[in-house]
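Below is one structure, written out as structure tokens, with a few remarks after it.
Both backbone and side-chain heavy atoms feed into the values below; hydrogens, waters and symmetry mates do not. Labels below follow one simple rule: chain letters A, B, ... track the order of the sequence lines, proteins then strands, and each chain is numbered from 1.
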Amino acid sequence: MLDVADLVTAYGKIEALKGVSLRVESGRITCLLGPNGAGKTTLMMTIAGILQPRRGTVRLDGQELTGLTPARIVAQGVALVPENRLVFPQMSVHENLLAGAYQRRGRGEIASDVERMYARFPRLQERRAQLAGTLSGGEQQMLAVARALMSRPRVLLMDEPSLGLAPLVVAEIFRIVGELNRDGTTIFLVEQNAHMALQVAHHFYLMEQGRVTFSGTPGELAEDEVVQRAYLGARRAAG
Amino acid sequence: MDDYLVGVLSNIGVVSFVALSAYLLLLTGAISFGQQAFFAIGAYAAGVATALWGWPLAAALALGAAVSAAAAAAVGLPTLRLHGLYFAVATLAFAEMVRLLFELARYQVEIDGELVGPNGADGFRGIRYIFEHDLGPLQFLALIYGLLAAVLIGFMLMERSRLGVALRMVGEDEVLASLNGIAVARLKILAAGLAGALAGLGGGLYAHLTTYVEPRMFDVMLGVHSLAYGLIGGLGTAFGPLVGVLIDIGLLESIRPLAGYRMIVFGGLVALLLIARPRGLLDEAAVHWLQRAWRPRRRP
Amino acid sequence: MIDFLQNTIDGVMTGASYALLALGFTLIFGVMRRLNLSYGPSIMVGAYLGTLAHLHLAAGPLGVAAVTVAGAVLAGLYVERLCFAPMAAGAGIAAMVSSFAIWMQLEQAAILVLPRHTYPFPPLASATAWLGPFLLRLDQLIMLASALVLALGVQALLYGTRFGLALRAIIGNPTAAHLVGIDVRRATVLAFALASAVGGVAGFLVLASDAQVTPMFGMWATMKGLIAMMIGGLGSIPGALVGGLLLGVVEAQSQWYLGPQLRDLAAYVLLFACLVWRPGGLFGAAPVRDLARGRSL
Amino acid sequence: MIHATRELAVVAAVAALLASGEAVAQQIRAKAEVTCRPAPDVLEYDCTVTLTNARTRAPLPGVELTIGADMPSMPGAHSVAPVKTAPGAAPGTYQGRLALEMHGDWALSLNLAGPLRDRVVKVLRFEPDSVGEPAARTAPGRRPRH
């Protein structure tokens, strides 16, 4: 469904992506694992159109996304839940959700989608009039996910949804990820928390230093091996 | 040398002091719109010292620099916790306060049948030291550039010293600098004082060069220009602001045939330059490249 | 007491023009996080075009107003294209200096077209009326009404429309605004045009009540707008209104009680004190986070 | 080391300059009156300068007088090349034609050379059809109370 081919993105002379190719299958959860600085966030930002690649293509169902503005890419059906959530802090929860539907027309449909989000995330309904900047980290993450869903994406990209959240909240987020997928949403997830990611993923990629170094299903490689390959074990021991 | 050329070169030299003053603050991350205030204070103080009190020039220039340094340090204190635009506008407000106070200030003494001294908005005429002591335009030019050279050498020594590193660190990130054991507040006051002294020294020279100053010479225009010089010339080295002044005044002189269109051409050129090089001609990367290109040749 | 109240009335009237200037300024700053020093000079260009229309085409006040606003918008878009659109994220100071260079350009262009120091500007309505012991000027009442209406209008636009939602999203977080599908570039240009139009209205009203225009108006408008905006709080619409009115009243009172020379001094003392004691302005919260880091402007 | 010697040399040169300036003192101070009127060409002005001894009020003939001009609002940036003057009919008067860059306030600097070195500064407002005192320093928005 989402095809990334030979993508190269650079900051000045430094290439953060050195020719990345991968594929996200429709209706599944695809996971991208890798250590800090591997280029995972750069890849997400490039797919979303915030960063322009130097080379390579991104296609959605065969349709070229490369070179489109971020707004056009959202309209094509790709929504990104960014790292660190990035909610609109001075806007209410409700307004954040409306902003998520910015590309869509039709007030009635948007309003019923908002209600559906409230049904899925009851915490957001409780806080609908509150400024998003005052929410807790977990609530902001839910808001960011709901906001992205408001654009009715064909693919939902999530960049490190567990970052900086307490274990219970992380479990809740992953429960929602699984639920969304069962309801038919295609998900492409970037994670450092390999343990949680491998529990929900149908397929995963390993990325190291700007390159994809492994691709397979969670059973194919021992979890220890994955964790080690992603240098996560070393990181945990140090941290 | 033609007198007019000497005049233009003198102007370039003197304005370089304010540009360097703004540049020094930029190194610490502070955008000042107000360095013209210290230029003004230095000009008035040094002018009063020679014209009214009969001090020698060296002492008068030192007084101008000292008074400006003290004023700058005093403003540095309440504005310590301001950053970015807030600091820029606070310094602007201070500089306008100084200018308006000079519009009110009167301190005149009768000398040879003429009232001499600051006279509010009408300015301060008759700072005649160079005539009374027969200092020719060329000699004064040498004095300006001698002092400028000394200041530049000072900058070069400073940039290699611990102080220079500390200043750039504060400019990059204050919190990080303080975590690395740098006394940020003290360093910022020191930088403000040094920048004030530089501008004050330039002001003293300016007053004696033109023999006449008036408050509106020191309005926002001069302040924003001084800041712009560093950015046009480049933030990578103390020569950057000088290049900026040279481009501004020098280029304006050389495209004089365009007369009425000068600022249109010049304004457009600066805008385009900043698109291509947002940190100026001699930015950090250019300086690095120049140093690498220069070094091997110097070594035998 | 009568004097004090009359001063306050006069101050509110003048302050209305400051508020209008601050309104446009704060809109640009809020959306871009950048300082447009050419804000006043682009209004001045509009006013000069208005004067040209007045001199050569005998345009009346409404025609001149239309030309002034349109000219300010065009000049504003020119500034945006040259100084802000091409600048990378970290180049806030460069953008500001660039807008200063264009200020020089606009000023010289105005002087080339109309070289005298002052030119007549069509007055709007110079009638006066007594309200009890207080003297009111009609054109100033129009100014106050316009300031209130425009402030309310901008506020309604920001909080009641899709475009306003986009602007507030950009103000809140530009990256996230991109990610929800807002065309940030287009919204920014529109905000710039809107701000210039508000500035154009302010410029027209001020100059119509002065009945003359000078090239110095550019600097004057930038300074007054900047001071009022900073007193009220960067990026805040109620702040711009209150900052402008407060500045006007403080000026009027100090002019009356301290004399014209201390008037401007009082304004700068007020600004300096506000910045030192309440850096975020009266209506801003704490200074915006990314500003606190000195690097970005 | 290189820097240290260079620095010393500069310091010595400056010190010598500052010391050399202490000796000669000049007693005569010049006083000047300037009137200008527009010349046929745009932005050109004919100026007549009358120089007198400030103390004795006696005319000062035989001076090499040049007139330069600066815009006070931007020191250094807007200046025009000084023009030479020719002696006028009356003793102590001088005439020159000034070409400015724009209208507005200019600070004329009258540079005296020859037997007497001095400089007198006069600020005038140059308009297309008249020359007068600089405007009261007002900006828009400053209206008197009606």
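- What you find for C:Ser196 and C:Val73 is that their closest heavy atoms are CB-CA, 3.7 Å.
- Looking at A:Leu98, both its backbone and its side chain come within 4.5 Å of chain C, counting heavy atoms on both sides.
- A donor-acceptor contact shorter than 3.5 Å is absent between the side chain of C:Ser38 and the backbone of C:Pro41.
- With a 4.5 Å cut-off on non-hydrogen atoms, A:Val87 touches chain C through its backbone but not through its side chain.
- The shortest non-hydrogen separation linking A:Arg54 to A:Gly12 is NH2-O, 3.1 Å.
- Annotation: side chain of A:Val145 is in contact with side chain of A:Phe121 (closest heavy-atom distance under 4.5 Å).
- Heavy-atom distances place both the backbone and the side chain of A:Leu80 under 4.5 Å from chain C.
- From A:Asp159, atom CG reaches atom CZ of A:Arg85 across 11.5 Å, with rounding to the nearest 0.5 Å.
- C:Asp183 meets the salt bridge (charged side-chain N to carboxylate O under 4.0 Å, His left out) test with no other residue; sequence neighbours excluded.
- Considering only heavy atoms from C-beta on, C:Phe84 comes within 4.5 Å of C:Met32 through its side chain.
- Neither the backbone nor the side chain of A:Ala148 comes within contact range of chain C; no heavy atoms are under 4.5 Å apart.
- Interface residue A:Met45: only side-chain heavy atoms are found under 4.5 Å from chain C.
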- Message: For a salt bridge (charged side-chain N to carboxylate O under 4.0 Å, His left out) check, start with the C-alpha distance between A:Glu115 and A:Arg120, then their side-chain angles and the critical distance, and finish with the verdict.
- Response: CA-CA 9 Å; A:Glu115 291 311 317; A:Arg120 191 184 286 279; over 6 Å; no

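- Residues of residues 167-179 of chain C having a heavy atom under 4.5 Å from any heavy atom of chain A, listed by number: C:Arg168, C:Ala169, C:Gly172, C:Asn173, C:Thr175, C:Ala176, C:Ala177, C:His178, C:Leu179.
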